[in-house]
Amino acid sequence: MADKVFVKAMVFAPAPAVYRAMTTELSLSTWFAEHVDVRLDDGRFEFWGRHTPFGDVPRQTNVSAEPGGRLRFDWEMEGMSTAVEMSVRETAGGDTTVSVRHEPVPFWGFDRASMNDFWGIAVGNLANFTEGRTLAPRPDYTVPCEETAFATIVVDTSPEDVFSVLLDPAMIDKWLPSESVVEPWEGGRYEFGWDHGPMTVVGIEAPHRLAYTWHNDGWPDTLVSWELDEEPAEGTRISLRHSGFVDGRPSDGYQLGWQNLLINLQRMVEIGDRWQAPQWRHR
């Protein structure tokens, strides 16, 4: 079985700068892949290494580019030929929309690593790179999944500001598409508008710690724990741990998913009212 992935996001930087960041080796090795070999005039756009799924060797072929606009290439994944198109378009206000289409991609199953999250993290880091913001850590696909998913990011604001966002349903619904309910006390509800069943606050210490249960039918409940630590001259480091995965249930899909969402949270807080939630489809 295979899926199609589409991700679209707003970048607050000029389109030529975004395209350069998307197609030059030095930039790509900073925000995208561990190893990069780019010679577009020769039809080469290769990336591989620990930050790339199936990244033991470069697997990109049939490269074509429209300077300043589009980049296309095939990417062999698990014996399947897949096609990627990345495009940039200038908006009327001088900003840029970035779009990625990738199809077909291997379907790795529920809770497994998702190419939607891979591209979400990539586009978020491309935006942060060109805007001069702190990058999110790039996933390491060579590390075996464990019983705890971990994601982190630095947000340029105080722990108090970040903590208030975690307790405000209206703000949660912007960076984590949902219809959330928050009762900010131990034993209170902390739920999203998905079919997750009961989720409960089990620890809260403003403005530094929040923990709540996470429920999926058919599995033991897991635990989501947030820690907010002030980073001198940088803002607030968010450390999120999603723990308690048992019976062979992998955590890697959650790790990618949370890292993707933390970039949304960071960008929403730092950019303010101009920020727009990325659009995505995964089917």
Side-chain angles (χ1 to χ4, degrees), residues 3 5 7 34 49-55 105-125 128 134-155 162-163 165-166 172 175-178 180 182 190-205 208-229 236-268 278 280 282:
D3 286 353
V5 168
V7 177
E34 182 180 16
R50 58 197 176 100
H51 304 311
T52 301
F54 316 106
V105 295
F107 179 64
W108 296 344
F110 180 69
D111 285 352
R112 296 297 294 177
S114 160
M115 288 306 297
N116 177 76
D117 288 317
F118 167 80
W119 283 117
I121 293 169
V123 171
N125 267 343
N128 281 348
T134 301
L135 301 183
R138 292 173 287 180
D140 186 342
Y141 294 93
T142 66
V143 175
C145 59
E146 301 178 352
E147 294 181 357
T148 298
F150 176 76
T152 184
I153 203 163
V154 174
V155 184
V162 177
F163 201 81
V165 169
L166 299 182
I172 293 170
W175 65 272
L176 180 64
S178 62
S180 56
V182 177
Y190 198 98
E191 299 177 1
F192 310 119
W194 313 330
D195 187 20
H196 275 300
M199 297 164 62
T200 305
V201 176
V202 296
I204 183 168
E205 182 184 334
H208 295 292
R209 291 174 181 79
L210 174 68
Y212 49 86
T213 61
W214 185 277
H215 180 83
N216 282 118
D217 290 341
W219 295 95
D221 283 357
T222 51
L223 181 68
V224 176
S225 301
W226 297 76
E227 294 187 7
L228 310 180
D229 296 307
T236 299
R237 176 169 295 280
I238 300 175
S239 299
L240 183 145
R241 291 173 172 81
H242 193 160
S243 60
F245 297 93
V246 296
D247 300 327
R249 185 186 186 193
S251 66
D252 51 348
Y254 281 96
Q255 182 150 313
L256 280 182
W258 280 119
Q259 192 65 74
N260 189 9
L261 289 169
L262 287 190
I263 296 176
N264 287 349
L265 172 60
Q266 173 211 28
R267 292 182 56 74
M268 181 192 72
W280 62 273
H282 189 193

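Owing to the predicted nature of the structure, the values given are computational and were not obtained by experimental measurement.
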Exercise for the section: Side-chain contact test, heavy atoms from C-beta onward, threshold under 4.5 Å: evaluate it for Glu227 versus Ser225 and give yes or no. Expected result: no
Exercise for the section: Anything under 30° is parallel, anything over 60° is perpendicular, the rest tilted; go ahead and classify Tyr190 against Phe192. Expected result: perpendicular
Exercise for the section: Scan Asp229, Thr152, Leu228 and name whichever one has a side chain to side chain contact (heavy atoms under 4.5 Å, CB included) with Ile238. Expected result: Leu228
Practice task
For Ser180 and Glu191, indicate whether the former's side chain and the latter's backbone hold a donor-acceptor pair under 3.5 Å.
Solution key: no
Problem - Main-chain N/O of Thr134 paired to Gln266 side chain as donor or acceptor, under 3.5 Å - result: yes
Exercise for the section: Working to the nearest 0.5 Å, report the span between OG of Ser239 and CZ of Arg209. Expected result: 10.0 Å
Practice task
State, yes or no, whether a side-chain contact exists between Pro139 and Gln255 at a heavy-atom distance under 4.5 Å.
Solution key: no
Practice task
Please report the shortest heavy-atom distance between Leu223 and Tyr212, naming the atom on each side.
Solution key: CD1-O, 3.5 Å
Fill in the blank from the handout: Value for CD1 (Ile153) from CG (Leu265), rounded to nearest 0.5 Å, stands at 8.0 Å
Practice task
Would you check if Leu176 and Asn264 make a side-chain contact, meaning some heavy-atom pair closer than 4.5 Å?
Solution key: no
Exercise for the section: Could you walk me through whether Asp140 and Arg50 pass the salt bridge (Lys or Arg N to Asp or Glu O under 4.0 Å) test, one step at a time? Expected result: CA-CA 5 Å; Asp140 186 342; Arg50 58 197 176 100; 3.7 Å; yes
Practice task
Using modelled atom types only, decide if a donor and an acceptor are shared between the side chain of Asn125 and the backbone of Ala136 within a distance under 3.5 Å.
Solution key: yes
Exercise for the section: Tell me yes or no: between the side chains of His242 and Trp214, is some donor less than 3.5 Å from an acceptor? Expected result: no
Completion exercise
For Ser178 and Ile172, the nearest pair of non-hydrogen atoms, with its separation, is OG-CG2, 4.2 Å
Practice task
Measure the shortest side-chain to side-chain distance between Thr52 and Glu34 over non-hydrogen atoms and say whether it is less than 4.5 angstrom.
Solution key: no
Completion exercise
Rounding to 0.5 Å, atoms CG (Leu262) and CH2 (Trp226) come to a distance of 5.0 Å
Fill in the blank from the handout: Nearest heavy-atom approach of Val246 to Pro220 is CG2-CG, 3.8 Å
Completion exercise
Value for CD1 (Ile121) from CG (Leu256), rounded to nearest 0.5 Å, stands at 5.0 Å
Exercise for the section: Kindly indicate whether the side chain of Trp175, heavy atoms from C-beta on, has any atom under 4.5 Å from the side chain of Val165. Expected result: yes
Exercise for the section: Please examine the side chains of Phe118 and Val5, heavy atoms only from C-beta on, and report whether any two atoms are closer than 4.5 Å. Expected result: no
Practice task
Just say parallel, tilted or perpendicular for the rings of Tyr254 and Phe245, cut-offs at 30° and 60°.
Solution key: tilted
